[in-house]
Amino acid sequence: MRAIRRYPDSEGVSRAAAQDLVEVARDAIAARGRFCVALSGGSTPRRMYEILSEAPRWARLEWDRVEFFWGDERAVPPDHPDSNYGAAASALLRKLDIPPERIHRILGELPDVEEAGARYQEELARVFAAPVDGLPPIFDLVLLGMGPDGHTASLFPYSQPLTERRRWVVGHQMARLGKGRITMTPPILNRAAEVRLLVTGADKAGVLREALLGPREPERLPVQLLTPEAGRLVWMLDRAAAAELPTEGPA
Ligand code: 6PG
């Protein structure tokens, strides 16, 4: 199931996404005793993380029942300015004093990104008590963004992980970026119960229209690979990003 929610600006997207996460988290904790979330990297979710770090003032949530994961990571140490873990740790996790055993970061510092991917699959299998070579576990919520080239997580156009059908996490070298990336793959992303795609800014309006209304070309537009099996995919857009979409009705 796919839905699109539009907000006047990026602050509106950030506030709504923070509120939404708390609601999904409460339901998961009530139903299963814990909430497993995969955080997104990039700049778009940072304001949402800041708002969530103030959540104890505006929402009741058992934060010690939240298991934090990442959808992708750059091949850098956790204290590096490009680290997705580092960004979330400073904007959210440290402020909420999340117990370290609830934080499951990707080991971006490992010299071999393939090994980092395999180690993260083992960590997922451990926390979800799932067979490491079986079906991917089911996240309660996966947060993602989209780049101006239509990539999501670290699933870049024409890159090797796009065709992955078995592994949950893979590491790969992105020659164009001159860096390695470790990313969750379509099989695990599409098993999630809830997926939120936060997209803001005019620089993404064109590719967003193509991804939502254009022909299916996932090699060129990897965000089109997000088709949850049984879950819900919600695009959360600001007016600038949604500028080239039909004003109302199904987009
Ligand atoms: C990353 C992200 C990536 C990001 C998009 C959008 O590690 O960079 O996982 O997929 O979501 O590149 O980035 P912005 O939010 O900075 O536009």
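Since we're looking at a predicted model, the values are computed, not measured. Indexing begins at 1, ligand by ligand and atom by atom, following the structure's order.
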Does the N or O separation between Ala153 and ligand 1 drop below 3.5 Å for any pair? yes

Could you find the nearest protein heavy atom to atom 15 (O) of ligand 1 and give me its residue, atom name and distance? Thr44 OG1, 2.5 Å

Arg196 and Asp20: salt bridge (charged side-chain N to carboxylate O under 4.0 Å, His left out), yes or no, with the steps? CA-CA 9 Å; Arg196 299 293 181 272; Asp20 173 74; 2.8 Å; yes

Test Arg126 against Glu123 for salt bridge (charged side-chain N to carboxylate O under 4.0 Å, His left out), laying out the working first. CA-CA 5 Å; Arg126 181 186 71 78; Glu123 176 67 358; 2.8 Å; yes

Going by the order shown, which atoms of ligand 1 are within less than 4.0 Å of some heavy atom of Ser40? 11 (O)

Between Tyr85 and Phe68 (judged by ring centroids, cut-off 6.0 Å), do the two rings come close enough to count as a pair? no

Show the atoms of ligand 1 that are less than 4.0 angstrom away from any heavy atom in Asp72. 1 (C), 2 (C), 7 (O), 9 (O)

Top protein contact for atom 6 (C) of ligand 1, by heavy-atom distance: Met146 O, 3.5 Å

Ligand 1 atoms in contact with Arg181 (distance to a heavy atom under 4.0 Å): 1 (C), 7 (O), 8 (O)

Less than 3.5 Å between some nitrogen or oxygen of Asn84 and one of ligand 1, yes or no? yes

Is it true that, when you exclude Arg216 itself, more than 12 heavy atoms of the residues, nucleotides or ligands shown sit nearer than 6.0 Å to its CZ? yes

Nearest protein heavy-atom contact for atom 1 (C) of ligand 1: which residue, which atom, what distance? Arg74 NH2, 3.3 Å

Looking only at non-hydrogen atoms, find the nearest pair between Thr44 and Ser14 and report the distance. O-OG, 4.5 Å

Classify the angle between the aromatic ring planes of Phe156 and His172 as parallel (below 30°), tilted (30 to 60°) or perpendicular (above 60°). tilted

Run the numbers for me: atoms of ligand 1, each under 4.0 Å from some heavy atom of Thr152, listed by number. 10 (O)

Can you list the atoms of ligand 1 that are under 4.0 Å from a heavy atom of Gly145? 11 (O)

For His151, counting its heavy atoms only, list the atoms of ligand 1 lying under 4.0 Å from any of them. 3 (C), 5 (C), 10 (O), 12 (O)

Write out the residue and atom name of the closest protein heavy atom to atom 13 (O) of ligand 1, then the distance separating them to 0.1 Å. Gly42 CA, 3.9 Å

Closest approach of Gly145 and Leu197, non-hydrogen atoms and distance? O-CD2, 3.4 Å

Test: Asp9 and Arg239 ion pair at under 4.0 Å: no

min-distance protein heavy atom vs atom 17 (O) of ligand 1 -> Lys204 NZ, 2.6 Å

Could you report the tightest heavy-atom contact between Ala18 and Leu52, atom names first, then the distance? O-CD2, 3.7 Å

